[in-house]
K.L.:
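Supplied in structure tokens, the structure appears directly below.
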Amino acid sequence: MTRPIIVFDLDGTLVDTAPDLLDSLNHSLAANDLAAVDEAGFRRFVGHGGRVMIERAHAAQNKALMAEEHDRLLKLFLDHYTLNIPGKSRPYPGVIAALDHFQAAGYLMAVCTNKYEANSVALIGALGMSDYFGAICGQDTFAFRKPDPRHLTETIRLAGGDPNNALMVGDSQTDIDTAKAAGIPVVAVDFGYTDRHVREFEPTLVISHFDTLTPDLAERLIAAAR
């Protein structure tokens, strides 16, 4: 049997990227004469990528958004975000200790995110976390993306793992739906980017801190799913 693997979502799961996504969103909105979004309001928009955030921000301010304008603002968003990596983004409390524990226990680890691959690799590298992961797969790594379960299963295979000996960790309905469709148990963190509590999406388990996520727990969840 291959070594067990634990696969993480990135934004809202491993790393709190909200401050930088908010800065980039407001940078793009200013180019279209829209009011800035505050941190509280931003939580309604985050978690579905820059294009959706821009669309939702315009809808919230009753501002029409044509396709060409949408593309232009998305480029502004992405350029601003890319140039400022890692900015204010930081791993959530307990993340590094948890990764160390899984590494010491012999787990393979990978990232499966709907962030662009290049930005994901750059962010993880800038935060000194690259050595933990055997694969970092973004929305453009394959011809499919979450919630398509192949995004998760192909990430696992790219990292040298087996989907039958795997656990997913995420913060959203998309992560939970992806793991369920792949037949993989999923732990949901309750501090990420979703406008509904993750328990509503019925993950295998909900945690509130990475201190709770241990190799022993992962082993039990994987074994129970077999």
Side-chain angles (χ1 to χ4, degrees), residues 8-92 111-127 129-130 133 135-152 154-155 170-178 191-196:
F8 299 92
D9 175 51
L10 184 53
D11 293 24
T13 300
L14 284 177
V15 180
D16 183 7
T17 54
D20 297 305
L21 294 173
L22 175 59
D23 286 348
S24 296
L25 175 62
N26 284 331
H27 175 76
S28 68
L29 296 180
N32 212 21
D33 297 324
L34 265 72
V37 175
D38 62 21
E39 184 174 352
F42 175 69
R43 295 285 169 168
R44 292 183 293 145
F45 309 138
V46 73
H48 298 276
R51 182 173 292 276
V52 174
M53 285 191 284
I54 291 166
E55 180 181 341
R56 290 181 175 180
H58 278 72
Q61 297 186 41
N62 298 312
K63 181 71 177 284
L65 182 61
M66 304 303 293
E68 289 185 4
E69 191 70 5
H70 203 167
D71 291 343
R72 183 180 74 86
L73 296 180
L74 178 61
K75 185 178 187 305
L76 287 174
F77 173 95
L78 292 172
D79 288 349
H80 184 272
Y81 181 80
T82 300
L83 288 171
N84 288 282
I85 290 173
K88 305 166 191 171
S89 296
R90 296 294 182 270
Y92 283 103
V111 170
C112 180
T113 173
N114 277 345
K115 199 184 196 75
Y116 285 101
E117 181 184 313
N119 283 343
S120 303
V121 170
L123 176 61
I124 290 169
L127 295 174
M129 299 166 63
S130 300
F133 304 112
I136 300 170
C137 298
Q139 66 164 266
D140 53 338
T141 303
F142 309 109
F144 36 78
R145 56 184 284 189
K146 297 184 293 185
D148 189 315
R150 294 175 296 171
H151 191 178
L152 175 55
E154 290 305 307
T155 296
D171 73 307
S172 70
Q173 181 177 8
T174 297
D175 297 322
I176 295 165
D177 288 348
T178 302
F191 45 74
Y193 307 149
T194 177
D195 54 2
R196 294 163 58 191

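In this text the structure is predicted, and so the values were computed from the model without any measurement.
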K.L.:
Which residues pass the salt bridge (charged side-chain N to carboxylate O under 4.0 Å, His left out) test with K63, not counting sequence neighbours?
P.N.:
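If we apply the salt bridge (charged side-chain N to carboxylate O under 4.0 Å, His left out) test to K63, skipping adjacent residues, there are no hits.
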K.L.:
Do you know the tightest heavy-atom contact between P147 and T178?
P.N.:
CA-OG1, 3.0 Å
K.L.:
So does I54 get a backbone contact from the side chain of H58, meaning a donor-acceptor N/O pair under 3.5 Å?
P.N.:
yes
K.L.:
Aromatic rings F191 and Y92: how do their planes relate, parallel, tilted or perpendicular, breaks at 30° and 60°?
P.N.:
tilted
K.L.:
Is the side chain of D20 donor-acceptor paired with the backbone N or O of K88 at a distance under 3.5 Å, no angle test?
P.N.:
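At least one qualifying donor-acceptor pair exists.
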K.L.:
Could you report the tightest heavy-atom contact between L127 and P86, atom names first, then the distance?
P.N.:
CD2-CB, 4.0 Å
K.L.:
So how far is it from L22 CG to D38 CG, rounded to the nearest 0.5 Å?
P.N.:
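One finds 8.0 Å between CG of L22 and CG of D38.
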K.L.:
If I compare all heavy atoms of A126 with all of I85, which pair ends up nearest, and what's the gap?
P.N.:
CB-CG2, 4.3 Å
K.L.:
State the CD1-NZ distance between I136 and K115, to the nearest 0.5 angstrom.
P.N.:
12.0 Å
K.L.:
Please determine which of T13, I124, V121 meets the side-chain contact (heavy atoms from CB on, under 4.5 Å) test together with V111.
P.N.:
I124
K.L.:
So do the side chains of M129 and P91 get within less than 4.5 Å of each other, counting heavy atoms only?
P.N.:
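In short, these two side chains touch, coming nearer than 4.5 Å.
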K.L.:
Rounded to the nearest 0.5 Å, what separation is found between the CG atom of L83 and the CG atom of D79?
P.N.:
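One finds 6.5 Å between CG of L83 and CG of D79.
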K.L.:
Would you say L73 and L65 make side-chain contact, with heavy atoms under 4.5 Å?
P.N.:
yes
K.L.:
Is there side-chain contact between L123 and N119, with heavy atoms separated by less than 4.5 Å?
P.N.:
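No, side chains not in contact.
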K.L.:
Atom CZ in F144, atom CZ in R150: separation rounded to 0.5 Å?
P.N.:
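Between atom CZ of F144 and atom CZ of R150 there are 5.0 Å.
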K.L.:
Stepwise, does the side chain to side chain contact (heavy atoms under 4.5 Å, CB included) test hold for T17 with L10?
P.N.:
CA-CA 9 Å; T17 54; L10 184 53; 5.7 Å; no
K.L.:
With a 4.0 Å cut-off on N to O distance, would you call R145 and D140 a salt bridge?
P.N.:
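D140 and R145: not salt-bridged.
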K.L.:
Let's go through S172 and D175 carefully: what are the C-alpha distance in whole Å and the side-chain angles of both, what is the deciding distance for side-chain hydrogen bond (donor to acceptor under 3.5 Å, both in side chains) to 0.1 Å, and is it a yes or a no?
P.N.:
CA-CA 5 Å; S172 70; D175 297 322; 3.1 Å; yes
K.L.:
Starting at CZ of R51, measure out to CG of L78 and round the result to the nearest 0.5 Å.
P.N.:
9.0 Å
K.L.:
Keeping the roles fixed (side chain from K146, backbone from H151), state whether a donor-acceptor pair exists under 3.5 Å.
P.N.:
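Checking the backbone N and O of H151 against the side chain of K146, no donor-acceptor pair under 3.5 Å is found.
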K.L.:
Would you mind reporting whether N84 and D23 have side-chain heavy atoms less than 4.5 Å apart?
P.N.:
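In short, these two side chains do not touch, never coming nearer than 4.5 Å.
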K.L.:
Is the side chain of S28 donor-acceptor paired with the backbone N or O of F77 at a distance under 3.5 Å, no angle test?
P.N.:
no
K.L.:
Checking the side chain of N114 only, and the main-chain atoms of Q139 only, is there a donor and an acceptor separated by less than 3.5 Å?
P.N.:
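Not confirmed, N114 side chain does not pair with Q139 backbone.
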K.L.:
Report the distance from atom CG of D71 to atom CE of M66, rounding to the nearest 0.5 Å.
P.N.:
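Output value for this atom pair is 11.5 Å.
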K.L.:
As a test of understanding, state which of D16, D171, D11, D9 forms a side-chain hydrogen bond (donor to acceptor under 3.5 Å, both in side chains) with Y193.
P.N.:
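When side-chain hydrogen bond (donor to acceptor under 3.5 Å, both in side chains) is applied between Y193 and each of D16, D171, D11, D9, only D16 qualifies.
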K.L.:
If every non-hydrogen atom of A35 is compared with every non-hydrogen atom of L29, which pair is closest and at what distance?
P.N.:
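Closest approach of A35 to L29: O-CD1, 3.9 Å.
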